[in-house]
Peer 1: 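Here it is, the structure, as structure tokens.
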Amino acid sequence: MSTGRTNAEIKMHQDYKPKNIEAVAQQYWNEKLTFRAEDQSEKPKYYCLSMFPYPSGKLHMGHVRNYTIGDVLLRYHRMKGFNVMQPMGWDAFGLPAENAALANNVPPAAWTYSNIDVMRTQLQSLGLGVDWSREVTTCKPDYYRWEQWLFTRLFQKGMIYKKTSSVNWDPVDHTVLANEQVIDGRGWRSGALVEKRDIPMYFMRITQYAEELLADLDQLEGWPEQVKTMQRNWIGKSHGCEVYFPYDAASIGTAGVLKVYTTRPDTLMGATYVAVAAEHPLATQAAASNPALAEFIAECKHGGTAEADMATMEKKGTNTGLFVTHPLNGEQLPVWIANYVLMGYGEGAVMAVPAHDERDFEFAKKYNLPIKQVIERDEIDAIKTASLDNKFTADHWQEWYGEKELRICINSGKYDGLNFQQAFDTISADLQAKDLGQKRTQFRLRDWGISRQRYWGCPIPIIHCALCGDVPVPDEQLPVILPEQVTITGAGSPLAKMPEFYETTCPQCGGAAKRETDTMDTFVESSWYYARYTSPGCSTGLVDERARYWLPVDQYVGGIEHAILHLLYARFFNKLMRDEGLFGEQTLRQKSVNEPFTNLLTQGMVIAPTFFREGAAGKKLWINPAEVDIETDSRGRPVGAKLRADGQPVVIGGTEKMSKSKNNGVDPQIIIDQYGADTARFFIIFAAPPEQTLEWSDAGVEGAFRFLRRIWNFAYSNKNEIGIYRNNSNQKSDEYYLKALSNDQRDVYREMHVALKQANFDLQRLQFNTVASACMKILKALEQQMVLVTSGMNTKAVVITNGFSILLRLLSPIAPHITQTLWQELGYGDDILSAPWPEVDEAALIQDEIELIIQVNGKLRGKLRVAKDADHATLEQLALTHPSVEKLLAGQAAKKIIVVPGRLINVVI
RNA sequence: GCCGGGAUGGCGGAAUUGGUAGACGCGCCGGACUCAAAAUCCGGUGCUGGUAACAGUGUGAGGGUUCGAGUCCCUCUCCCGGCACCA
């Protein structure tokens, strides 16, 4: 390692001044283009990506956490010898810009761009190792142009198609509402009862990739198991059966079949009615001559489209008076309309088996429909549980009614005695023989509706021509530019009121035509940005050959809330782009381009305490934690809180996610201004492991700052010693002095390397909070060394010099500014990022004597220092003669002695 | 409602995956320094009893497996994330 200085006497500032050193360090990285990523290298590449932010105004703690975690990984890998790349950009389209426009009368574009400028400055002040030359902004035409280009390709392939779908309609504001904007069934601004309305929309055939999206999860070894499980369940592959119920000619009047899908064909003999959605053709037919039915169907239109609401609402239904025929036993089953059956999913109809489906059971009880048991516990099980009351009863639901393992069919005619699989196969075969059904594999996953009736989004590049139909905009006319000067009224899309936008000519026939005024779901932009980062400035395509070098992303970091939607859409888009040939020819296709993100880290939320006062009419007035003083008892337990401004008490609420509504957000900028970026970064890493929720604590921030200042003070006190040791040309090797350490020094040296070993292990498993702990332990060990009576200047100097060098490098990914500054100041080198990652001195870890614990019946009773290679017989003897063991044995012999080498001896009495 | 997580001192968390529960930090208590305060440094700190040695007890609740359970199994409670138009 070369030294940066020749003179032994080192001058540095006595006090830790984060503002000064952070500015200097950041300037150093800027000037040296330290984080400009090379598009080719001898080194292995490491593409580290944090989820890009929505430019909501200013940085919040969640951002700081996300980007600090990413930056720690980036800097660590850089020191480990990787060619690293960490880009940053803006997920700039979205609803909040339109809301801000309504509130402040600012066009969404202006609001968004000004937020981006503020947030970019804030991100830069954190000292992130970002290659800003790759910045993308999704609301700019040079970005969304390629989204439109890909749309036209997918449209031509049939991967995008049009169909009608339900949206939340606000009948007062005459506008489509997001699920978030529907509160208790009412529009958030108008307060009007929301209705479902069917409108035409474009859909992406994600279901066509369902099988691959499911199967490839198995390859994602670097993903958390819980995320993969959630995605598997979301895709929801099921094996079931299609069943056709022929129309009853007498009541329906026409020939036809009612199609349903079921995963429980074994219970088909127990079907006692069928239920259809309000929009189902049979429902429409029945309602034509029945005003009560028409009224019920109208009632089903009320409320929003969110699944959570559907699942929790009261189940209601009405009998249509129509009948269908059971395909196997020929019974006439009544057709009901039920509000929980949805037209958009499956066939819009279900067969109901009340005895073996909990929801059907409830419905049947409510409307006095017949309940017919067709499944019984099998014999083995019946014997086992003979004493239990396991007889079927229609009085109340029992869990086993719905289970399919260890069950046999009863009351099912020729199917009696069959188990689940046998009944499944036999009934499916019989249905197929009668042409009334067949086995089918189905997915829960639905096609992705991407049309939005909003202004601030990427225009859908389609032209509607009366003669030619939906025509994609030709390449040479792309991008379709979203006009940025508009007025937002909150009622309908501004684009639909701008003839200068929508009036156009058909690219095919040249006749007058109308441009599509819907924009795309903002999830589309975030589905491919990781690819665009690889090819900044590319004006010839979505990506260029640089994508082949950088993709896939090696490490993706972002919130757990994106576990399903965003991550599934991005995986889907990666496959779409691959199949479009964007990542190279098919023959060159490698396993690695099938999935976009090799490793995934899902970070937890940042939460903080809440405080409030009861205002008029019981309304809570939320008070920011920064304005509150907490009182504690003599043990430090909180007993009350007071508002600093008036000294009067406030109520302590729960600890919740930082949000504007609860006024419990802590502005990271205040922390950065007061303590510096290193303190903010260190605290946020130290306070919790990345995947857990993090509770914010101002006191904890102080602690982080104190630690960094102690490092600075230690460096200042020892600057000359380290400098002289490093620069003495007559110096013998480190190894020479390390052999000559005193026992105390050897302990300190070993402690440091034990901490380093733990830290290296923790870095690999992404548990950074304990890496921060390790840094604190190393500093403590070094400080102890200072108060020890030591023999010899050089042995002391080698421990300090070696130890402090480890500390600086281990800490540098977390607190990059102070470590870079001290690395230079103390003459270790110019650039700590170019220094090799510290290695553990394994030899230093070996001890001659180890401590074993002694247990009696698993309970700690004593400790013992023994030679590290003592044999079992010796250990057993030592344990038995241990005073507290002897006392408990009271002359009796031990039943058993368990020796766990290097750990413990357990004497069983 | 469904799917996925979580719960450990006054607080944030640790425990190398079945082997000393509470590392590290915050807070609190005591001490040093100071005319004093702040800052800093040193020591203590799960709970109960005891001057103490020590004993008992303790990882959301209840059961189980094991020589030994925060960790594995079963049942339950509460909290959080997602549920397809918040991003």
Side-chain angles (χ1 to χ4, degrees), chain A residues 51 53-54 56 91 94-96 167-168 176-182 224-227 229-230 232-234 236 304-313 340 358-359 445-449 451-454 521-523 526 559-566 568-569 602 604-605 607 632-638 654 656-657 683 686-689 691-704 706-707 709-710 713 757-758 761-762 765 767 769-770 772-777 780 787 851-860 863 884 895-898 900 903-904 906-909:
Chain A
M51 290 181 185
Y54 178 80
S56 53
D91 189 11
L95 204 48
V167 293
N168 304 308
V176 176
L177 298 176
N179 284 338
E180 184 189 54
Q181 297 172 315
V182 179
E225 210 50 55
Q226 54 157 318
V227 175
T229 304
M230 282 191 261
R232 278 189 197 105
N233 292 340
W234 185 261
T305 58
E307 192 195 286
D309 297 335
M310 294 291 171
T312 49
M313 73 183 174
Y340 64 86
E358 193 168 6
R359 194 165 58 176
L445 181 68
R446 311 195 299 255
D447 276 339
W448 175 14
S451 293
R452 296 291 179 270
Q453 299 69 46
R454 296 189 206 298
D521 181 0
T522 57
F523 270 126
S526 56
I560 183 68
E561 65 272 22
H562 296 294
I564 296 176
L565 292 180
H566 162 62
L568 190 65
Y569 292 148
T602 48
M605 299 175 304
I607 60 176
T632 58
D633 66 12
S634 62
R635 299 192 108 119
R637 283 183 284 231
E656 300 186 48
K657 182 177 171 175
F683 173 71
F686 176 69
E691 307 213 311
Q692 272 183 40
T693 53
L694 181 151
E695 189 171 328
W696 186 261
S697 141
D698 287 333
V701 177
E702 290 255 359
R706 283 205 288 264
F707 168 66
R709 190 171 52 192
R710 255 168 66 208
N713 292 342
K757 184 167 185 155
Q758 181 67 49
F761 175 78
D762 291 341
R765 58 174 179 152
Q767 185 173 285
N769 56 324
T770 46
S773 294
C775 292
M776 290 174 149
K777 285 179 191 171
K780 207 168 193 178
V787 297
E851 191 180 64
L852 287 187
I853 63 143
I854 302 196
Q855 296 180 334
V856 175
N857 291 343
K859 205 165 245 185
L860 176 69
K863 292 174 185 180
S884 29
K895 277 188 193 154
K896 199 171 172 186
I897 302 175
I898 289 147
V900 183
R903 290 240 176 229
L904 58 80
N906 187 14
V907 180
V908 185
I909 296 175

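A note on names: the letters A, B, ... follow the listed sequences, proteins ahead of strands, and every chain is numbered from 1.
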Peer 1: Once you apply a heavy-atom cut-off of 4.0 Å, does A/Ser526 come out as touching a base, just sugar-phosphate, or nothing?
Peer 2: nothing
Peer 1: Applying side-chain hydrogen bond (donor to acceptor under 3.5 Å, both in side chains), can you list everything that pairs with A/Trp448, at least two apart in sequence or on another chain?
Peer 2: A/Asp521
Peer 1: Between A/Arg710 and B/A39, is there a side-chain N or O to OP1/OP2 distance below 4.0 Å?
Peer 2: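 Result: no.
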Peer 1: What string of B, S and - do you get for nucleotides 55-60 of chain B, 5' to 3', if B is base contact, S is sugar-phosphate-only contact and - is no contact with any protein heavy atom under 4.0 Å?
Peer 2: SSS---
Peer 1: If only side-chain N and O atoms of A/Asn179 are considered, is one of them under 4.0 Å from the OP1 or OP2 phosphate oxygen of B/C83?
Peer 2: no
Peer 1: Show each protein N/O and nucleotides 2-6 of chain B N/O combination with a separation under 3.5 Å, one pair to a line.
Peer 2:
{"unit_1": "B/C3", "atom_1": "O3'", "unit_2": "A/Asn233", "atom_2": "ND2", "d": "2.7"}
{"unit_1": "B/C3", "atom_1": "O2'", "unit_2": "A/Asn233", "atom_2": "ND2", "d": "2.9"}
{"unit_1": "B/G4", "atom_1": "O2'", "unit_2": "A/Gln226", "atom_2": "OE1", "d": "3.2"}

Peer 1: Can you name the residues that form a side-chain hydrogen bond (donor to acceptor under 3.5 Å, both in side chains) with A/Asp91, not counting sequence neighbours?
Peer 2: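 A/Asp91 satisfies side-chain hydrogen bond (donor to acceptor under 3.5 Å, both in side chains) with no residue once adjacent residues are dropped.
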Peer 1: Not counting sequence neighbours, which residues clear side-chain hydrogen bond (donor to acceptor under 3.5 Å, both in side chains) with A/Arg446? List them please.
Peer 2: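 Per chain and number, A/Arg446 pairs via side-chain hydrogen bond (donor to acceptor under 3.5 Å, both in side chains) with A/Tyr345.
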Peer 1: N/O contacts under 3.5 Å, protein versus nucleotides 20-22 of chain B?
Peer 2:
{"unit_1": "B/U20", "atom_1": "O2", "unit_2": "A/Lys863", "atom_2": "NZ", "d": "3.4"}

Peer 1: With sequence neighbours left out, what residues match A/Tyr54 under ring pair (Phe, Tyr, Trp, His ring centres under 6.0 Å)?
Peer 2: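 Counting only residues at least two positions away or on another chain, A/Tyr54 forms no ring pair (Phe, Tyr, Trp, His ring centres under 6.0 Å).
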Peer 1: Within this structure, what is the CE-to-C1' distance between A/Met51 and B/A87, rounded to whole angstrom?
Peer 2: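 So the CE-C1' distance, A/Met51 to B/A87, works out to 11 Å.
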Peer 1: Please determine, for the side chain of A/Lys777, which listed nucleotide (B/G68, B/G1, B/A23) has the closest atom?
Peer 2: B/A23
Peer 1: Under the salt bridge (Lys or Arg N to Asp or Glu O under 4.0 Å) test, which residues partner A/Glu561, sequence neighbours left out?
Peer 2: none
Peer 1: Salt bridge (Lys or Arg N to Asp or Glu O under 4.0 Å) with A/Lys777: which residues, sequence neighbours excluded?
Peer 2: none
Peer 1: Within the 4.0 Å heavy-atom criterion, would you say A/Arg359 contacts the bases, only the backbone, or no part of the nucleic acid?
Peer 2: nothing
Peer 1: State whether a side-chain donor-acceptor pair under 3.5 Å links A/Gln767 with A/Thr770.
Peer 2: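 Short answer, yes.
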Peer 1: According to side-chain hydrogen bond (donor to acceptor under 3.5 Å, both in side chains), who are the partners of A/Asp309, at least two apart in sequence or on a separate chain?
Peer 2: none
Peer 1: Out of B/G68, B/C86, B/G1, which nucleotide sits closest to the side chain of A/Asn906?
Peer 2: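 Looking only at side-chain atoms, A/Asn906 lies closest to B/G68.
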Peer 1: In terms of side-chain heavy atoms of A/Asn769, which of B/G13, B/C80, B/G27 is nearest?
Peer 2: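 That would be B/G13.
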Peer 1: When you measure from the side chain of A/Arg709, which nucleotide among B/A39, B/C83, B/G19 comes out closest?
Peer 2: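 Nearest listed nucleotide: B/A39.
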Peer 1: With syn defined as a glycosidic angle within 90° of 0 and anti as the rest, where does B/G70 land?
Peer 2: anti
Peer 1: If only side-chain N and O atoms of A/Asn857 are considered, is one of them under 4.0 Å from the OP1 or OP2 phosphate oxygen of B/G68?
Peer 2: no
Peer 1: Polar-atom pairs under 3.5 Å, protein N or O versus N or O of nucleotides 73-78 of chain B: list them with distances, or write none.
Peer 2:
none

Peer 1: Sticking with atom P, work out how far B/G70 lies from B/G60, rounded to a whole angstrom.
Peer 2: 10 Å
Peer 1: Report the secondary structure of RNA chain B in dot-bracket form, marking unpaired bases with a dot and bases paired to a different strand with |, and treating Watson-Crick or G-U pairs with both distances under 3.5 Å as paired.
Peer 2: (((((((..(((......[....)))((((((.......))))))((((....))))..(((((..]....))))))))))))....
